[in-house]
Amino acid sequence: MLISDLLKVEKPARYMGGEMGAKKKDNADLRFILAFPDVYEVGMSHLGLKILYAILNDVDWVAAERVYAPWPDMEEMLRRDGIPLATLESGLPLKEADVIGFTLQYELSYTNILNMLELAGIPLLARERGEGFPLVLGGGPCACNPEPLADFFDAFLLGDGEEAILEIARACREWKGTGGSRETLLHRLATIEGVYVPSLFEIRYDSTDRMESITPLKKGYETVRRRFVADLDAVSYPTAPVVPYLKTVHDRISMEIARGCTRGCRFCQAGYIYRPVRERSPEKVLEIIEQTLRNTGYDEISLLSLSTGDYGCIAPLLRALMARYASQRIAVSFPSLRVGTLTRELVDEVKKVRKTGFTLAPEAASDRLRQVINKGITEEDLLENAAEAYSAGWRLIKLYFMIGLPTETPEDVLGIAELAKKVKNTGKRPGGGGEVNVAVSSFVPKAHTPFQWEPQISYEDILEKQQILRHELKKKKLNFKWQDAPLSVLEGVFARGDRRLGRVLLKARELGCRLEGWGEHFHFAKWQEPLRAAGIDPRFYHRRRALDELLPWDHLDFGVSREFLLRELEMSGAGANTVDCRTGRCSACGVCDFEKIRMRLNDPDVAQESGDAPLFPQPATLPQEGMERIRLHFQKTGAISLLSHLEMLTLFTRAVGRAQIPIKFSQGFHPHPKFSFATALSVGVVSWAEYFDMEIDAGFGAEMVKERLNAILPEGVLILEASAIPPGSPSLAVIIDRVSYRVTLPESIRLDLPALVDAFLARETFPLRREKKGKVVELDLRRELVELRASGNALEMTVRRGKPLEFAAAVTAFPLPMLVGARIEKLRVFFTAE
Ligand code: SF4
């Protein structure tokens, strides 16, 4: 896509590609596109795709590229100009790929998948995709009931992808060489463990619309068992992930320390479909983190797992991380901390660098309801943890609850506000207390959990309970966030839906439904028609399922047995607790074969404390004290010119980390590297004259800064000059006197520029009033102009203040919008001494 086209959309960096760590291969046998059905900022935060991107690109005959759902402004341009949706790496249209693998993270992203296929010019229905069209694959948590998507996908991968993805790629490559039919490939894929080909099963419904039968059409393919990675240490992990220019949802190192959780919360799908618990060894974790920090320049590490506090060696691991990185201001966060796993030691370690968000998820307000869901924590545990967090200095605790859980009573709903207030009170002290944010979602029963047979509360019930909470929490002066009821209704339909929902999705897509996860683009009313047209009442999918009813996902085996789920359901009714097999006895859930597939835990007593050597060894001559200021002159050209000032700041922050430059940090709660830019350059302006200052440890040297940065900066950013400036020198903003620009008019505009220049120069004054975000700026463009001349179809000017396009508009008498598409170059900056 042309740079001038990208300039027309909000956040061009979403579509640019070329980020640090992005891989582009010209010659590969297999073109494998990894597609995320949401926008770049969300998709780039997803760990699974990063893992698969690295694994596939490590193989020389595969080129793995990325694509994300376009935002409506880009979608409109693609549709209007007939441009097919393409990848970020090489601009490969999706239609020309061999395989497109979608990650299925959330039921409400399904319309985005259809929209992306449509924008790519690929038939939506799998049966309509003839030879020559890419194979469309799906994987991720929603693949545990992919039936609503069965009509659109050729195959799904169930379970862990690290090993299976290569087997799939190999099968596709071999098949390509044979020129066999698509059907042959599907039959071949069905032989790979974990691959589910929906067209190889026939589904029948009875007269009441319930499932009647699931009939395999391939011999020996009655059920599909999910794929397991036995040992996380044995599979590869991305240590040089793509580093985005744009601020993404999780812009940090994602370190998966363990997979699986056996706490056994009965509502939690992840707790059943990722069993058993497999921990990465702390040695491996430290090794990966060290390499990733070097390769990315990130300053935050997020330790990921379903329950990070349960990681066997969490305390020694944190100690080792802090010993290595605290002095470099590298923070450690863990988004999923279970109540009861927070120890004083953990708190003390994490707060050494900076206090990242603190979240506790009691899920239900009463001890009774928490017994029903097998949460296994008491109010006492929760209040103790909250008090611990407040006393360690956290000001805000986020509490997560659910409404609509099985056996919930009105007292349980009111109890949410009561409990939140008690949590808040634990933070009370002279001079102010702690804050509490309460987030409440609606319980949606999910496949492969003990609650898969339970009903979901109605739309009206959700609204009523939310109203009660709004009132109660307001009375107690507590902040309240809730999930919109219509979203829960739809999520509940698709989470336990069947193949007939494909018709609903098709119609919804036709009516323009997409980006459902984005409030401003979700219109519940639009969904009524597709549901009506397909004769579907959401309540049919929300209802309680009979225990002997055939469920849409009954042919998909995620390891946990039906008997175990039924037993758990029964125990929930009795309020009985099932212990975590990590610390208690095995509850025979059915996942482990106790040979290859088994729990893998680290022993905290033998965990090696992995040294406290500094990450970035400094030159021997480097003094530890003192500071030097370095002034850098750089150019910003090509696609990089589309990056905003903020994105450039992020780029340099990461680059400095990656280049191991000992940057100085500001003081305070959120320290940031000491950079100061001369001015903020407008998006789309190519510049040969950008400047910024940085403060680094004394003795490192300007030349070293230049050399290291140029070795890792992306194409389009080049440091031209680096020099040390005396301490106390005035800032760049103070010493800039004037700037030269060239504005080349769009091809469509042909004018007698020399005459227009003369006329403008003959003026004494040209007042301009600019208003932005309520701020008024008044300028006299004529007086701010130092030099002006015509050069072909361009205006070259030197100005003190004002934007080059404003001058061009003033000289040509064209309104600004007509000049969009002009090429603007910043040629030179003159400083006061020059
Ligand atoms: S089979 Fe036993 S040990 Fe393995 S995950 Fe299930 S409960 Fe835990």
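Because the structure is a prediction, the values reported are computed rather than measured. Counting starts at 1 for both ligands and their atoms, following the listed order. The first residue of the sequence shown is numbered 1, and numbering continues consecutively from there. Worth knowing before you read on, the calculation uses all heavy atoms, side chains too, and leaves out hydrogens, waters and symmetry mates.
- Distances from atom 8 (Fe) of ligand 1 under 2.8 Å pick out these protein N/O/S atoms: Cys581 SG.
- For residues 562-599, the set of pairs meeting the ring pair (Phe, Tyr, Trp, His ring centres under 6.0 Å) definition, not counting sequence neighbours, is empty.
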*For Thr103 and Gln105, run side chain to side chain donor-acceptor pair (under 3.5 Å): C-alpha distance rounded to whole Å, both residues' side-chain angles, the deciding distance at 0.1 Å, then the answer.*
CA-CA 6 Å; Thr103 178; Gln105 294 296 311; 2.9 Å; yes

Distance-only check: which donor-acceptor pairs under 3.5 Å involve side-chain atoms of residues 156-168, not counting sequence neighbours?
unit_1	atom_1	unit_2	atom_2	d
Asp160	OD1	Arg259	NH1	3.2
Asp160	OD2	Val229	N	2.8
Asp160	OD2	Arg278	NH1	2.8
Glu162	OE1	Arg259	NH1	3.2
Glu162	OE2	Arg259	NH1	3.3
Glu162	OE2	Arg259	NH2	2.6
Glu167	OE1	Arg227	NH1	3.1
Glu167	OE1	Arg227	NH2	3.4
Glu167	OE2	Arg227	NH2	2.6

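- Listed for the Asp38 side chain is no donor-acceptor partner under 3.5 Å among the backbone atoms of Val42.
- For Tyr221, the ring-ring contact (aromatic ring centres under 6.0 Å, His included) test picks out Phe201, with sequence neighbours left out.
- Without hydrogens or angle criteria, Thr308 side chain to Leu303 main chain gives a donor-acceptor distance under 3.5 Å.
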